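Labels below follow one simple rule: chain letters A, B, ... track the order of the sequence lines, proteins then strands, and each chain is numbered from 1. Since the model is a prediction, treat every value here as computed from it, not as a measurement.
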2 protein chains.
Amino acid sequence: MAVNLKQLAELLGLSQTTVSRALNGYPEVNAETRQRVLQAVRETGYRPNRAAQRLATGKAYSIGMVMPIAAGIDSDVHFGEFLAGLGEEAVKHDFHFVLNPSAPEDEEATFQRLAASGNVDALFLAYMRANDPRIAMLKSLSIPFVVHGRSIGETRDYPFLDIDNTGAFYDATRLLIQLGHQRIALINGPDYLTFSIRRMKGMARALVEHGLNLDEALVHHSLMTDEHGYRSMQRFLQHPDAPTAVLCSSTVLALGAVRAINQAGLAIGRDISLIAHDDVLPMLKPENFSVPLTTTRSSLRAAGGRIATRLIAGILKSGDYPDQELWRAELIVRASTGPAPQK
Amino acid sequence: MAVNLKQLAELLGLSQTTVSRALNGYPEVNAETRQRVLQAVRETGYRPNRAAQRLATGKAYSIGMVMPIAAGIDSDVHFGEFLAGLGEEAVKHDFHFVLNPSAPEDEEATFQRLAASGNVDALFLAYMRANDPRIAMLKSLSIPFVVHGRSIGETRDYPFLDIDNTGAFYDATRLLIQLGHQRIALINGPDYLTFSIRRMKGMARALVEHGLNLDEALVHHSLMTDEHGYRSMQRFLQHPDAPTAVLCSSTVLALGAVRAINQAGLAIGRDISLIAHDDVLPMLKPENFSVPLTTTRSSLRAAGGRIATRLIAGILKSGDYPDQELWRAELIVRASTGPAPQK
DNA sequence: ACGGATATCCAAAGCGCTTTGGGAGGAAAG
DNA sequence: CTTTCCTCCCAAAGCGCTTTGGATATCCGT
């Protein structure tokens, strides 16, 4: 049924060499011939056999990732969404995954095994922590990798894709300050992850620039579940000098926060303003909240896709992508932010 | 660095044929010779090249799965845990994954593409629903598969691994009845998934056998998050004729339920009894609950591993595993169940 | 002692692709 | 008109494994 290179070459009256070259973009083939080849590919539905390519090129055509087995990580919506982006893109290029579950303490060994197995061409790393030791490890492994996020307190000489968390929360905070808010709270992700650290930093910077200070009592760190959002918000509302605005590190947290606010009988956007970071989770759209949410937006799925793209391009040496990318998050103002209520 | 078959054969003064046969368990090789070969493998650390094996055998050495992109599925802890089991086992045998994210409406096409790609030797299916159309689809695809769970209202002629959900909740319910409980509630998973359906059935059966009835007001279906557990339990407690015992379909649900009970000032195991189904999530152990939880236990991770094992054995035609398995869940009595309180 | 099993082993032919090392033919250069 | 240089194409050699189709040697019964 499926044709192979040899048959395709015969069909065209060409040699396998030429057909192979035409397909792989080598220069020493006539433009017209190349067109004929491409046309024939379309007609026959020819797809190169990956196993043969692997054997011939020594490439594995697959990317490895260590799946962390730890509380609140593999389990969370955000991970699934990111994985979806990665998977979508990988499948397009007919790339495989090697998913290696590993407890944090074995991670190092797992990476090494994976790299040594010859079964993956590249590795992927996420959930960056401050001074993350895994980066040095990966560098020593002589296998390409991309990290999602950035470490803190490390040299910056490794490939990454991150969003400008500092900038996003700086912008969000400044918007709130401009609206007159003085008491602003933060419901953040786990405190050891760098994105949380940076978001808090962005917020603090904006406050300081406007002569305000970050009140530590108004900052909560936790796994990003709706439950934690609910509890944090409840506690904030009980605070003697309750905040008039709150930043959430995820729409999932915001979900819980909104619930707490409603329960307290307050009006979002009037009594209290809310801005959430939106990872663009398909089942949780900020515009569908009862009061549409002002957000800093950056798609996690897109990030997953982009990382796959870069990893694959790196393996195939096709296309040229920047080694380090910092995506800006868009600040999208909706109804959940309004002027600070008068005392 | 790494030796290949040829080198290994030379080293041993044998032909590649013989070495290959020795390794793959063919009979036409002297026992002593085989030992020598195995010894040499140990010494050299020889590992067959998977790409070459793929090419020679036509097998892909990888298993495909469609990752559902839908609310409360890919996102949940249970999925992660299951995936971990699958991944662990697959990696042991040096198998790959092809993770194909897909929205429910494209699932069919995704499966077909995956099967046709020649990139996977077997498929895996989960989140069974009643009358699940995907089973007939997979059967028509002429590619081996195993489903996790069972459909309802379908012929039973397909390979599956399921746990005896009916039995588990039957047992749990009977225990509660024996303890004198008459009003028993159920906090269940989504109502369209077969495990939920069966658990409710098991519960109903036990009740009926003891002259009791399932009160529909005491049954909630929802995604299995701690939040939903909390809310359901809260509502049950407000019920005019509140239950004295509750079954939860997951320890995650139980987490929320326990919170609601504590908040209401009730004592677990005395004022109200609780039994949860325990998927053996490493970060949520029933014995670590403030009042250790009585559970029906069956490890999700083990199920993932077992499915990988079966799939792999099927591909390799090594080992003989039953085509259909129904695992019993163990009823483990801890402190959360006690005699029904006197009115 | 001999034909025929039986037990072990081997050479060689693929699997489908990439890549090396030319070769033919025409254009540009001398 | 020869020499050199491109341009475009091809034959063939792998990549590392499995598997077919024998070989060779041993051992059996008769």
Check: Heavy atoms under 4.0 Å, any strand shown: does Thr57(A) hit a base, just sugar-phosphate, or nothing?
Finding: sugar-phosphate
Notebook entry, point to check: Can you find a side chain N or O atom of Ser20(A) that sits less than 4.0 Å from OP1 or OP2 on dC17(C)?
Noted result: no
Item checked: Tyr61(A)/His96(A) aromatic ring centres below 6.0 Å -> no
Checklist line | Distance, rounded to the nearest Å, where Lys6(A) contributes NZ and dT18(C) contributes C1' | finding: 16 Å
Check: Any side-chain N or O of Tyr46(A) less than 4.0 Å from the OP1 or OP2 oxygen of dC17(C)?
Finding: yes
Next item on the list: Might you confirm whether atom CG of Asp320(B) has over 12 heavy atoms from other residues, nucleotides or ligands at distances under 6.0 Å?
Entry: no
Next item on the list: Quickly work out the Lys317(A) NZ to dT19(C) P distance and round it to whole Å.
Entry: 12 Å
Checklist line | Shortest non-hydrogen contact between Gly25(A) and Arg34(A), atoms and distance | finding: CA-NH1, 3.4 Å
Notebook entry, point to check: Does the Arg50(B) side chain pair with the main chain of Asp94(B), one donor and one acceptor, at a distance under 3.5 Å?
Noted result: yes
Notebook entry, point to check: Is any side-chain N or O of Gln53(A) closer than 4.0 Å to OP1 or OP2 of dG16(C)?
Noted result: no
Item checked: Separation of dC8(D) C1' from Glu32(A) CD (nearest whole Å) -> 12 Å
Notebook entry, point to check: Do the side-chain N or O atoms of Asn4(A) get closer than 4.0 angstrom to the phosphate oxygens (OP1, OP2) of dG16(C)?
Noted result: yes
Next item on the list: Round to the nearest Å and state the distance from Tyr61(A) atom OH to dG16(C) atom P.
Entry: 17 Å
Taking N or O atoms only and anything under 3.5 Å, show me the protein contacts with nucleotides 9-12 of chain C, one pair per line.
unit_1  : atom_1 : unit_2   : atom_2 : d
dC9(C)  : OP1    : Thr33(B) : OG1    : 2.8
dC9(C)  : OP2    : Asn30(B) : N      : 2.9
dC9(C)  : OP2    : Thr33(B) : OG1    : 3.2
dC10(C) : OP2    : Ser15(B) : N      : 2.8
dC10(C) : OP2    : Ser15(B) : OG     : 3.1
dC10(C) : OP2    : Thr18(B) : OG1    : 2.8
dC10(C) : N4     : Arg21(B) : NH1    : 2.6
dA11(C) : N7     : Thr17(B) : OG1    : 3.3
dA11(C) : N6     : Thr17(B) : OG1    : 2.5
dA12(C) : N6     : Thr17(B) : OG1    : 3.3

Next item on the list: Determine, step by step, whether Phe82(A) and Phe124(A) satisfy the ring-ring contact (aromatic ring centres under 6.0 Å, His included) criterion, reporting the C-alpha distance in whole Å, the side-chain angles of both residues, the deciding distance to 0.1 Å, and the verdict.
Entry: CA-CA 12 Å; Phe82(A) 181 84; Phe124(A) 155 73; 5.1 Å; yes
Check: Distance check: side-chain N/O of Asn24(A) vs OP1/OP2 of dT18(C), anything under 4.0 Å?
Finding: yes
Item checked: Rounded distance (Å) that lies between atom C1' of dT18(D) and atom CG of Leu55(A) -> 12 Å
Check: Name the one of Ile63(A), Val146(A), Leu125(A), Val147(A) that satisfies side-chain contact (heavy atoms from CB on, under 4.5 Å) with Ile307(A)?
Finding: Val146(A)
Notebook entry, point to check: Between Leu8(A) (CG) and dG16(C) (P), how many Å, whole number?
Noted result: 14 Å
Next item on the list: Quickly work out the Asn49(A) CG to dG16(C) P distance and round it to whole Å.
Entry: 7 Å
Notebook entry, point to check: Rounded to the nearest Å, what distance is computed from the CZ atom of residue Arg36(B) to the C1' atom of nucleotide dT8(C)?
Noted result: 13 Å
Note to self: Test of understanding: with salt bridge (charged side-chain N to carboxylate O under 4.0 Å, His left out), list the residues that count as partners of Asp164(A), not counting sequence neighbours.
What the structure shows: none
Check: Does a side-chain N or O from Tyr26(A) land closer than 4.0 Å to OP1 or OP2 of dT19(C), or not?
Finding: yes
